[in-house]
Amino acid sequence: MIYPANLLITNYCNQNCPFCFASREMKSSSLDKEMKLDDFTKTLQKIKRSGFYSAIKLLGGEPTLHSHLFVMLDIAMSEGLQVQIFTNGVMNREKSERLATYGKKIGYTFNCVTPGFQHNKKLRSQVIANMQLIGKESEITTSVTIDPFFNTDSFIEIAHEVLPLLKSIRIGFSNPIAGKRNWYAFSDFHKLGPIMVGFMKNTRLNGFKGTFSMNCGFTRCMFTNDEYVYIKKELQQIGWSCFGKESSMDIAVDMSAFHCFPLSEHKRVDLKSISYAKANLLFIKERMKLWATVKKDVCRKCPFYGFGGDKCPGPCLAFNMNESSLKN
């Protein structure tokens with residue numbers, strides 16, 4: 001399965017999440033702050049010609065801050081594309097009401113672990129009201145980023161109102177940020193297993209009846225056998241590391257493309273000059289080449305190493321590449 005492209009339509013954001021993998025991108029002085037409408041249209045046409053997709057994902061920054069957001073959505077609708085918006089939900093009532101008019105043509109993934117949602121009651125109430133409004137017309141999901149310090153009880157205390165509204169919860173862990181030191185080491189990966197399982201069980205107890213999915217980067221060594229049995233029962237699909245499933249391509253505001261944010265400074269291609277299919281092939285080849293440089297140090301020593309079934313071809317490529325580069 002090849003996943004829909006991530007279109008990073010703006011480098012503006014009204015939150016400052018410490019785990020934000022796009023922070024380096026947003027601070028770049030060489031990139032425009034918004035994707036141009038003409039470039040957006042050309043990108044959609046390239047994607048459609050590739051034959052891979054009937055959907056796109058809009059990210060940022062905060063995509064709802066783009067000055068021509070609704071024009072972009074209308075263009076995507078005219079191309080017959082399904083749209084998924086990844087948003088922190090910090091928007092006024094007028095904008096959320098207008099988004100709701102698109103109905104099920106647009107899906108939404110709300111980030112409920114932003115600093116504002118966690119620590120600002122007024123802002124949190126605004127986001128929850130927007131989720132409730134949009135959720136009446138479309139499917140809403142949430143994205144939750146965990147790390148070895150994640151507090152499940154604290155999250156449920158502030159987010160319990162939205163749990164029954166959610167179609168699914170997408171769980172990720174704090175991936176590396178290009179040019180920054182990792183928050184924790186590969187040796188800490190085992191700490192994520194009990195946190196993830198505890199989070200899943202507690203959200204079930206507090207009204208969540210939807211499905212769970214996992215973001216890329218998770219490895220089998222994060223979980224004990226009992227934890228693995230539990231997540232295997234709960235998850236629709238398990239794709240370990242960067243290789244258990246095909247990854248999305250990230251397309252920046254200037255139509256430069258890269259494979260995953262932590263490696264955004266390692267290799268980029270200009271999507272204006274080559275086809276989407278060719279760019280995708282280049283990234284797959286590059287990913288395999290990078291993986292070959294790290295697998296012998298960690299992967300082959302692991303009892304879970306391998307492809308297919310319950311095997312894991314880890315470790316998280318970006319995590320290890322970032323950690324290695326910062327040691328040098």
Side-chain angles (χ1 to χ4, degrees), residues 1-11 21-22 25 28 30-61 63-64 66-87 99 102-109 138-139 141 170 213 215-216 237 239 242-290 317-318:
M1 179 176 182
I2 299 177
Y3 282 67
N6 297 323
L7 273 67
L8 316 175
I9 61 173
T10 176
N11 283 327
F21 43 69
E25 198 80 2
S28 173
S30 62
L31 291 174
D32 292 335
K33 286 299 180 182
E34 291 190 337
M35 181 178 285
K36 296 179 175 63
L37 286 176
D38 186 53
D39 286 342
F40 179 77
T41 302
K42 289 176 180 177
T43 301
L44 296 193
Q45 292 169 350
K46 277 181 175 284
I47 290 172
K48 288 195 68 176
R49 283 198 297 270
S50 72
F52 290 157
Y53 309 105
S54 58
I56 56 170
K57 295 181 285 188
L58 301 185
L59 295 86
T64 63
H66 197 289
S67 57
H68 299 293
L69 171 67
F70 294 106
V71 177
M72 287 181 155
L73 293 177
D74 290 340
I75 292 172
M77 298 299 105
S78 69
E79 293 286 349
L81 292 167
Q82 179 73 28
V83 177
Q84 186 78 16
I85 297 177
F86 286 71
T87 176
L99 285 171
Y102 288 90
K104 295 187 180 301
K105 294 179 181 178
I106 301 177
Y108 301 83
T109 299
S138 182
E139 292 184 353
T141 68
R170 177 174 175 260
S213 63
N215 205 351
C216 59
Q237 175 189 6
C242 304
F243 299 92
K245 58 188 180 183
E246 179 64 59
S247 297
S248 301
M249 184 189 302
D250 295 288
I251 303 172
V253 293
D254 62 348
M255 288 184 71
S256 63
F258 53 90
H259 166 64
C260 95
F261 276 100
L263 301 177
S264 59
E265 297 180 356
H266 178 78
K267 184 177 181 63
R268 298 175 84 114
V269 299
D270 184 359
L271 208 59
K272 293 178 181 178
S273 59
I274 63 173
S275 70
Y276 188 91
K278 185 175 181 180
N280 190 61
L281 182 60
L282 286 173
F283 288 130
I284 291 174
K285 289 181 177 179
E286 184 69 14
R287 188 172 70 187
M288 294 302 290
K289 184 171 70 174
L290 292 173
L317 177 63

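Computed from heavy atoms alone, side chains included, the values below leave out hydrogens, waters and symmetry copies.
- Looking only at distances, no side-chain donor or acceptor of T10 sits under 3.5 Å from a matching main-chain atom of T64.
- L8 CG to D254 CG: the interatomic distance, rounded to the nearest 0.5 Å, is 9.5 Å.
- The heavy-atom pair separating G107 from Q82 by the smallest distance is N-NE2, 3.9 Å.
- For the salt bridge (charged side-chain N to carboxylate O under 4.0 Å, His left out) condition, the pairs that include at least one residue of residues 36-45, sequence neighbours left out, are D32-K36, D38-K42.
- Panel note: side chain E34, backbone S67; a donor-acceptor pair is recorded below 3.5 Å.
- The closest side-chain donor-acceptor pair between N11 and K33, if any, does not fall under 3.5 angstrom.
- Across F70 and Y102, no two heavy atoms sit closer than the pair O-OH, 3.5 Å.
- Taking 4.5 Å as the limit, some side-chain heavy atom of R170 sits within range of a side-chain heavy atom of N215.
- Pairing each heavy atom of A279 with each of V269, the nearest pair is CB-CG2, 3.9 Å.
- Rounding to the nearest 0.5 angstrom, the gap separating the CG atom in L44 from the CZ atom in R49 is 11.0 Å.
- The side-chain heavy atoms of T43 and I56, taken from C-beta on, include no pair separated by under 4.5 Å.
- The side-chain heavy atoms of Y276 and M249, taken from C-beta on, include a pair separated by under 4.5 Å.
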Does L81 form a side chain to side chain contact (heavy atoms under 4.5 Å, CB included) with I47? I'd like the steps, not just the answer. CA-CA 10 Å; L81 292 167; I47 290 172; 5.5 Å; no
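- Here the side chain of S256 pairs no donor or acceptor atom with the backbone of L271 at under 3.5 angstrom.
- Side-chain atoms of K48 come within 3.5 Å of backbone N or O of E79 as a donor-acceptor pair.
- Residues L73 and L58 have side chains in contact (heavy-atom distance under 4.5 Å, counting atoms from C-beta outward).
- In plain terms, the two heavy atoms of M35 and A252 that are nearest each other are CE-O, 3.2 Å.
- Applying the salt bridge (charged side-chain N to carboxylate O under 4.0 Å, His left out) test to pairs two or more places apart or on separate chains, none has a residue in residues 275-285.
- Considering all non-hydrogen atoms of both residues, K57 and N6 come closest at CE-OD1, 2.8 Å.
- A distance of 9.0 Å separates CG of L7 from CE of M255, quoted to the nearest 0.5 Å.
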Where do I106 and M77 land on the side chain to side chain contact (heavy atoms under 4.5 Å, CB included) test, with the steps shown first? CA-CA 9 Å; I106 301 177; M77 298 299 105; 4.2 Å; yes
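- At a threshold of 4.5 Å between non-hydrogen side-chain atoms, the residues Y108 and S138 count as touching.
- By the side-chain contact (heavy atoms from CB on, under 4.5 Å) test, E139 pairs with K104, K167, sequence neighbours left out.
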Residue pair T141, F86: steps toward the side chain to side chain contact (heavy atoms under 4.5 Å, CB included) verdict: CA-CA 9 Å; T141 68; F86 286 71; over 6 Å; no
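- Counting only heavy atoms from C-beta outward, the side chains of L37 and M72 approach each other to under 4.5 Å.
- Using the six-membered ring where Trp is involved, H259 and F283 have ring planes that are tilted, between 30° and 60° apart.
- Side-chain N or O atoms of K46 include one that pairs as donor or acceptor with a backbone N or O of I274 at under 3.5 Å.
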